[in-house]
Amino acid sequence: MSPVYRSFAKINLHLQVLGRRADGYHELRTVFQTIDLHDRIGLELTPGGEVRLRVTAGDVPEGEDNLAVRAARAFLDRWAPGQGVAMTLEKRIPVGGGLGGGSSNAATVLLALRRLLGRPGSVWELWPVARKLGADVPYFLWGGTALGFGRGDEIVPLPDLEEVDLALVLPPEHVSTPAIFAKVRNLTAEPLALTIVALATGGVGGDPADIEGWNDLQPVAFDLFPALRRAYDEMLAAGARETRLSGTGAALFALLPRPLDLRRLRRELSAGATALACRTLSRRSLARDGAGLWG
Ligand code: C5P
């Protein structure tokens with residue numbers, strides 16, 4: 001039987017935009033956090049060098065437009081020319097949510113092929129391959145709690161935080177990531193939050209809510225896509241705390257005081273918005289339950 005791996009989503013506990021770079025991207029400081037929402041990817045090695053993908057759930061492309069296909073091709077070209085792979089993808093992570101689903105799939109394929117082919121190359125060697133695929137892909141090679149610099153592709157793993165429940169809300173809106181980045185005007189003048197420095201040096205243990213993060217893209221996204229601001233206001237009305245946008249959205253999350261009252265939240269939300277309960281995942285959990293891909 002071919003192995004099936006889970007490919008987890010992320011949220012951004014914190015996201016600062018420092019400025020525009022010469023390459024057109026933006027310089028970020030962000031804290032990524034894995035959550036337990038996941039897709040499933042099956043991989044079977046095949047002879048003949050062909051890369052195939054069959055999507056068994058969800059509405060995503062099966063060809064070169066899918067990052068999982070590009071990741072498989074990049075890995076095999078570099079480390080196993082002539083080797084082929086047949087993949088299945090069960091898509092559960094909402095597309096266009098700022099949850100990194102496509103990037104996670106790409107990193108999972110890189111890690112899984114490395115494992116299936118007897119681990120040629122270290123995880124560090126996957127980094128340049130990952131960042132060529134997309135700015136968010138490298139983070140998923142490590143997962144857990146991690147600081148992202150540069151385009152978000154330079155990764156410093158941080159010590160694990162406690163695993164906590166959170167509510168995820170998806171407003172019925174298709175956001176445009178380039179449009180949001182293009183409109184960022186009020187660049188942050190803040191230094192890295194003290195709590196994040198403390199986190200990196202082991203001075204903070206504990207609750208992700210203690211990071212007191214924010215997202216510089218949130219006001220821009222709210223102006224461009226009013227359904228996001230509406231969902232945010234509705235979350236607050238339902239008692240949500242530590243509520244913010246993940247990446248460029250459209251997903252919003254709340255690190256709620258427990259217990260999570262999902263029914264109240266759903267009553268509050270406008271038609272078309274969905275809410276689900278998730279939990280953050282530490283690197284320790286990924287190492288234990290990630291089928292050998294992490295750690
Ligand atoms: O790397 P990715 O394809 O996910 O980025 C999508 C778009 O988001 C880029 O084309 C760019 O407009 C914007 N972006 C940015 N700065 C970043 C990451 C993304 O401006 N650090």
Side-chain angles (χ1 to χ4, degrees), residues 7-35 37 39 58 60-61 63-75 89 91 93-110 126-143 146-156 170 173-190 192-193 196 213-225 228 244-251:
S7 174
F8 295 98
K10 61 85 178 163
I11 53 172
N12 299 83
L13 291 175
H14 176 73
L15 199 162
Q16 285 176 245
V17 183
L18 273 70
R20 216 174 121 85
R21 299 157 45 118
D23 63 5
Y25 275 76
H26 289 78
E27 187 72 19
L28 304 183
R29 281 177 186 165
T30 185
V31 177
F32 292 108
Q33 174 65 55
T34 304
I35 58 173
L37 179 66
D39 298 334
V60 289
E64 288 292 328
D65 285 344
N66 194 307
L67 265 190
V69 171
R70 295 219 290 275
R73 192 147 350 258
F75 184 97
L89 171 61
K91 194 92 208 135
I93 304 171
V95 177
L99 301 169
S103 303
S104 170
N105 294 167
T108 301
V109 166
L110 295 177
L126 294 177
W127 181 74
V129 178
R131 68 195 291 259
K132 247 191 233 157
L133 293 166
D136 274 355
V137 181
Y139 157 68
F140 289 100
L141 296 176
W142 286 278
L147 201 50
F149 288 97
R151 300 183 311 154
D153 54 350
E154 298 177 44
I155 303 300
V156 181
L170 282 142
E173 186 74 87
H174 291 284
V175 302
S176 159
T177 296
I180 291 171
F181 271 109
K183 280 245 158 35
V184 179
R185 290 288 174 270
N186 297 324
L187 297 172
T188 187
E190 300 286 332
L192 193 64
I196 297 170
W214 67 87
N215 182 344
D216 281 337
L217 298 169
Q218 184 169 297
V220 185
F222 282 8
D223 283 351
L224 285 175
F225 304 101
L228 305 190
R244 66 194 79 110
L245 193 69
S246 183
T248 54

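In each ligand, atom 1 is the first atom listed, and ligand 1 is the first ligand listed.
Evaluation of the side-chain hydrogen bond (donor to acceptor under 3.5 Å, both in side chains) rule for Asp153 yields Arg131, Arg151 as partners, not counting sequence neighbours. In this structure, the ring-ring contact (aromatic ring centres under 6.0 Å, His included) partners of Phe32, at least two apart in sequence or on a different chain, are Tyr139. Not counting sequence neighbours, Asp65 has no partner by the salt bridge (charged side-chain N to carboxylate O under 4.0 Å, His left out) test.
Here the CD-OG1 distance, from Gln16 to Thr30, works out to 9.0 Å after rounding to the nearest 0.5 Å.
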Fill in: Step-by-step side-chain hydrogen bond (donor to acceptor under 3.5 Å, both in side chains) determination, Ser7 to Asn105
CA-CA 6 Å; Ser7 174; Asn105 294 167; 2.8 Å; yes
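In this structure, His26 contributes its side chain and Arg20 its backbone to no donor-acceptor pair below 3.5 Å.
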Check each N or O atom of ligand 1 against all protein N or O atoms and list the pairs under 3.5 Å, with atom names and distances to 0.1 Å, one per line.
from     : atom 1 : to     : atom 2 : distance (Å)
ligand 1 : 1 (O)  : Tyr25  : OH     : 3.4
ligand 1 : 1 (O)  : Ala135 : N      : 3.3
ligand 1 : 16 (N) : His26  : N      : 2.8
ligand 1 : 20 (O) : His26  : N      : 3.4
ligand 1 : 20 (O) : His26  : ND1    : 2.7
ligand 1 : 21 (N) : His26  : O      : 2.9
ligand 1 : 21 (N) : Arg151 : O      : 3.0

